[in-house]
Chemist: 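My questions all concern the structure below.
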Amino acid sequence: MHTNKVRVRFAPSPTGGLHLGGVRTVLYNYLFARQHKGVFIVRIEDTDQSRFVPGAEEYIFNCLKWAGLEPDESVVQGGKYGPYRQSERKPLYRKYAEQLVADGHAYYAFDTPEELDKMRADFKTEQNPSPQYDQHIRGRMRNSLTLPPEEVKHLLDSGAPCVIRIKMPADEVVSFTDMIRGEVNFNTSVVDDKVLLKADGMPTYHLAVVADDYLMEITHAFRGEEWLPSAPVHVLLWKYLFGIDKMPQWAHLPLILGPNGKLSKRDGAKYGFPVFAMNWTDPKTNELTEGFKEKGFLPEAFINMLALLGWNDGTGQEIFTKDELIEKFSMERVHSGGAKFDYEKAKWFNHEWIKQSEPAKLRQQVKQVLAAKNIPAADDLLLDKVILLVKERCHLLTDFAEQAAFFFVAPETYDMDAVKPKWNESKQLFFTEIIRNFELAIVWNAPDLEHNFKEIAAANHLKPGEVLLPFRIMLVGGKFGPHVFDIATLLGKQETIRRIKHFLSLLQ
RNA sequence: GGCCCGUUGGUCAAGGGGUUAAGACGCAUCCCUUUCACGGAUGAAUCACGAGUUCGAUUCUCGUACGGGCUACCA
């Protein structure tokens, strides 16, 4: 049954938007799997039924699809290790928990939520603000370790609500080797008796992750650093249940920090930059949180940026294609320290990707951006030329709306302040002459246009600079855009003349 | 509070006993460009602090400080 094939998994709980850190975990899983010709699995961790959020699961897969990080096995792709949704695996877990009880590594606990609250309140001191259900406390609680066997049997038989807790050893050192951090040690004396199986029969993450990683033959397990403190529980579970030699290799990824510590789903919209891969609408509040996709990011750039957030190949190279990442990524070169997310740098990555993309590659996305602003761009040939001309000044795909619009529709407003104060009779004459000259033009290209333009300017005793800016405003509406003669070329003879005439009429 | 993880410029970071301590983002100035960008150039770090090991520590060890995470019948 066991193979040597690399099998990794991303195990999200479908409770809301998929944020940066989640996508990066997916990415590292994906890259690792591809590099080792292994299998990438997505397993849905939906054991907490109270946190079910409709649509969240589908949303996650949409994000993965957009990012180009689709799994080989999952609820969508299927596979031989299913079901891939833990809620559908519910019957599998109980036997492992019971086995642990039978082996003396776990016990039944009958404490009610109220009793647990009371315990926490009673034992709370300044020295110990959050008392745990651990070896010091379990002797005072209602569980199969403290209750007489007959009573335990009675409670069990009568179906009294009960959980199964791991019985942490009194004083053992649990250690394992993390692929990023090296050897990590914990003393079991300070780890609490985590619940393994909940009263509703569902496993907690702790039991589920171990059982499913075993059942799905996971060879390498990557997750966020926030899981490090509970790693000893998982290591012990592996030891008790399946043998430590079968345990996957762990890598605890450094956290991606926001301005105030760990990025959280809750604060999704409050940072001034996106944290989710794609737009997420909370089904309860109907609140929309903007995603990187909708903000105007290219998936290639998004992935590239995420890969470099915590990893680099040591050469200084920053722009990587997905294939390059697959080839060069290594878990050993992942940083151990958390990284503060820098939105400016993220935009730089996107800019780089836009600049080096062929117009045809950007065409559909740019079309969508323009369509959203009701700007028609049906002519692909024209659109491609426009994209080529303006892409270097677009950091986000949405920037194309401003940078490309005037090629398709005449400006609605003009920066009059840049023209009017310096307008005079000779400029007026110059542009009427330009119109005549353009109307007679047989060839229509940038060099000839520029040549004629400057020659006429000289004949009118005008410096080119005096009339270049007004000309730009006439065509574009503002002080921006590519070289003005390139714009006129693409606009075409009729439209260029039309815009000059129109602007001249506005000046009257 | 306890436990765990971290700490090289504002941010991402290379380097892991002897270096002028890379590079990128951002910022500033300049060049190019009679718009805006692109491109190019230049500028900015006593490697958190204190001990120790050493001929020599940014690099190794230990403390301290600071930052972060965890401390639920959530993941």
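So that the names make sense, note that chain A is the first sequence line, chain B the second, and so on, each numbered from 1. This one's a predicted model, so the numbers in the text were calculated from it and none came from an experiment.
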Chemist: I'd like to know if K347(A) and E344(A) make a salt bridge, using a cut-off of under 4.0 Å between side-chain N and carboxylate O.
Modeler: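 Salt bridge flag = yes for E344(A) with K347(A).
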Chemist: Provide the distance between the two P atoms, one in G56(B) and one in C66(B), to the nearest whole Å.
Modeler: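 About 31 Å, rounded to a whole number of Å.
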Chemist: Starting at NE2 of H395(A) and ending at C1' of A37(B), how long is that distance when rounded to a whole Å?
Modeler: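 Between C1' of A37(B) and NE2 of H395(A): 8 Å.
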Chemist: Check the distance between C5(B)'s P and I180(A)'s CD1 and give it to me in whole angstrom.
Modeler: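 That distance rounds to 14 Å.
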Chemist: Expressed in whole Å, how much space separates the C1' atoms belonging to U19(B) and C62(B)?
Modeler: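 The answer is 27 Å between these two C1' atoms.
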Chemist: Could you tell me whether E352(A) and K355(A) have a side-chain N and a carboxylate O separated by less than 4.0 Å?
Modeler: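 Yes, E352(A) and K355(A) are salt-bridged.
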Chemist: Take atom CD of E392(A) and atom C1' of U35(B), then tell me their distance rounded to the nearest Å.
Modeler: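 One finds 13 Å between C1' of U35(B) and CD of E392(A), rounded.
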Chemist: Under 4.0 Å between any heavy atoms, over every strand shown, what does E126(A) touch: base, sugar-phosphate, or nothing? Just pick one.
Modeler: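 Sugar-phosphate contact only - E126(A) comes under 4.0 Å of backbone atoms but never of a base.
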Chemist: Sticking with atom C1', work out how far G15(B) lies from U20(B), rounded to a whole angstrom.
Modeler: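 15 Å, rounded to whole Å.
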Chemist: How would you summarise protein contacts on nucleotides 9-18 of chain B per nucleotide, using B for base, S for sugar-phosphate only and - for none, with heavy-atom distances below 4.0 Å?
Modeler: --BSSSS---
Chemist: Please confirm whether F292(A) and F276(A) have ring centers closer than 6.0 angstrom.
Modeler: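 No - the distance between ring centres of F292(A) and F276(A) does not fall below the 6.0 Å cut-off.
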Chemist: Using a strict threshold of under 4.0 Å (side-chain N to carboxylate O), is an ion pair present between R165(A) and D192(A)?
Modeler: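 Looking at D192(A) and R165(A), the cut-off is not met.
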Chemist: Thinking salt bridges, do E466(A) and K422(A) make one under a 4.0 Å N-O criterion?
Modeler: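 No, E466(A) and K422(A) are not salt-bridged.
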Chemist: Between A22(B) and U61(B), how far apart are the two C1' atoms, rounded to whole Å?
Modeler: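 Straight-line distance between the two C1' atoms is 28 Å.
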Chemist: Using atom P of each nucleotide, how far apart are C25(B) and G39(B) to the nearest Å?
Modeler: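 It comes out at 8 Å once rounded to the nearest Å.
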Chemist: Could you check K454(A) against E183(A) and say which one's nearest nucleotide on RNA chain B is further toward the 5' end?
Modeler: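 Between the two, 5'-proximity favours E183(A).
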Chemist: Should the pair D212(A)-R89(A) be classified as a salt bridge under the 4.0 Å nitrogen-to-oxygen rule?
Modeler: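 Yes, charged N to carboxylate O under 4.0 Å.
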Chemist: Within this structure, what is the CG-to-C1' distance between L468(A) and U33(B), rounded to whole angstrom?
Modeler: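 Nearest whole value for this atom pair: 11 Å.
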Chemist: Would E402(A) and K373(A) pass as an ion pair if we require N to O under 4.0 Å?
Modeler: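 So E402(A) does not pair with K373(A) through a salt bridge.
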Chemist: Tell me what V191(A) touches on the nucleic acid: a base, only sugar-phosphate, or nothing, going by heavy atoms under 4.0 Å.
Modeler: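 The answer is nothing, as V191(A) stays clear of every strand by at least 4.0 Å.
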Chemist: Could you tell me how the ring of F186(A) sits relative to the ring of F176(A): parallel (under 30°), tilted (30 to 60°) or perpendicular (over 60°)?
Modeler: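 Parallel: the ring planes of F186(A) and F176(A) meet at under 30°.
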Chemist: For each nucleotide in nucleotides 65-74 of chain B, reading 5' to 3', give B when a protein heavy atom comes within less than 4.0 Å of its base, S when such contact involves only the sugar-phosphate, and - otherwise.
Modeler: ---SBSBSBB
Chemist: In dot-bracket notation, what is the pairing pattern of RNA chain B, taking Watson-Crick (N1-N3 plus N6-O4 or O6-N4) and G-U wobble (N1-O2 and O6-N3) contacts under 3.5 Å, with [ ] crossing and | for other strands?
Modeler: ((((((((.[[[..)..(....]]].(((((.......)))))....[[[[[..)....]]]]])))))))....
Chemist: Does a side-chain N-to-carboxylate-O contact under 4.0 Å join E114(A) and K118(A)?
Modeler: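 Salt bridge flag = no for K118(A) with E114(A).
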Chemist: Is E45(A) salt-bridged to R85(A), going by a charged N under 4.0 Å from an acidic O?
Modeler: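 No, this pair does not count.
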Chemist: Round to a whole Å and report the spacing from CD of Q403(A) to P of U35(B).
Modeler: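 So the two atoms are 15 Å apart, to the nearest Å.
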Chemist: Just the rounded figure in Å: distance from C1' of C3(B) to CG of L228(A).
Modeler: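 Interatomic distance, CG of L228(A) to C1' of C3(B): 11 Å.
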Chemist: Sticking with atom C1', work out how far G17(B) lies from A65(B), rounded to a whole angstrom.
Modeler: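 Between the two C1' atoms, the distance is 25 Å.
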Chemist: Between N128(A) (CG) and C3(B) (P), how many Å, whole number?
Modeler: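 These atoms are roughly 11 Å apart.
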Chemist: Measure the distance from CD on E352(A) to C1' on G39(B) and round it to the nearest whole Å.
Modeler: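 Interatomic distance, CD of E352(A) to C1' of G39(B): 11 Å.
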Chemist: If the C1' atom of A44(B) is compared with that of G10(B), how far apart are they to the nearest Å?
Modeler: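 Approximately 11 Å lies between the C1' atom of A44(B) and that of G10(B).
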Chemist: Would you tell me if any nitrogen or oxygen in the side chain of K355(A) comes within less than 4.0 Å of OP1 or OP2 on G39(B)?
Modeler: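 For K355(A), the contact criterion (side-chain N or O under 4.0 Å from OP1 or OP2 of G39(B)) is met.
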Chemist: For P129(A) and Q86(A), take the nucleotide of RNA chain B holding the closest heavy atom to each; which residue's nucleotide lies nearer the 5' end?
Modeler: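 Looking at the nearest nucleotide for each, P129(A) comes out on the 5' side.
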Chemist: Among A75(B), C3(B), U35(B), which is the nearest nucleotide to the side chain of H483(A)?
Modeler: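 Side chain of H483(A) sits closest to U35(B).
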Chemist: Looking only at atom P, what distance separates U8(B) and G68(B), rounded to whole Å?
Modeler: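 U8(B) and G68(B) have their P atoms separated by 14 Å.
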Chemist: Is any side-chain N of the basic residue among E300(A) and K361(A) closer than 4.0 Å to the acidic one's carboxylate O?
Modeler: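 Salt bridge present between E300(A) and K361(A).
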Chemist: Measuring only between side-chain heavy atoms, which start at C-beta, is M168(A) closer than 4.5 Å to D134(A)?
Modeler: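 No, every pair of side-chain atoms sits at 4.5 Å or beyond.
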Chemist: Does K167(A) pair with D193(A) as a salt bridge, N-O distance under 4.0 Å?
Modeler: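 Answer for the salt bridge query: no.
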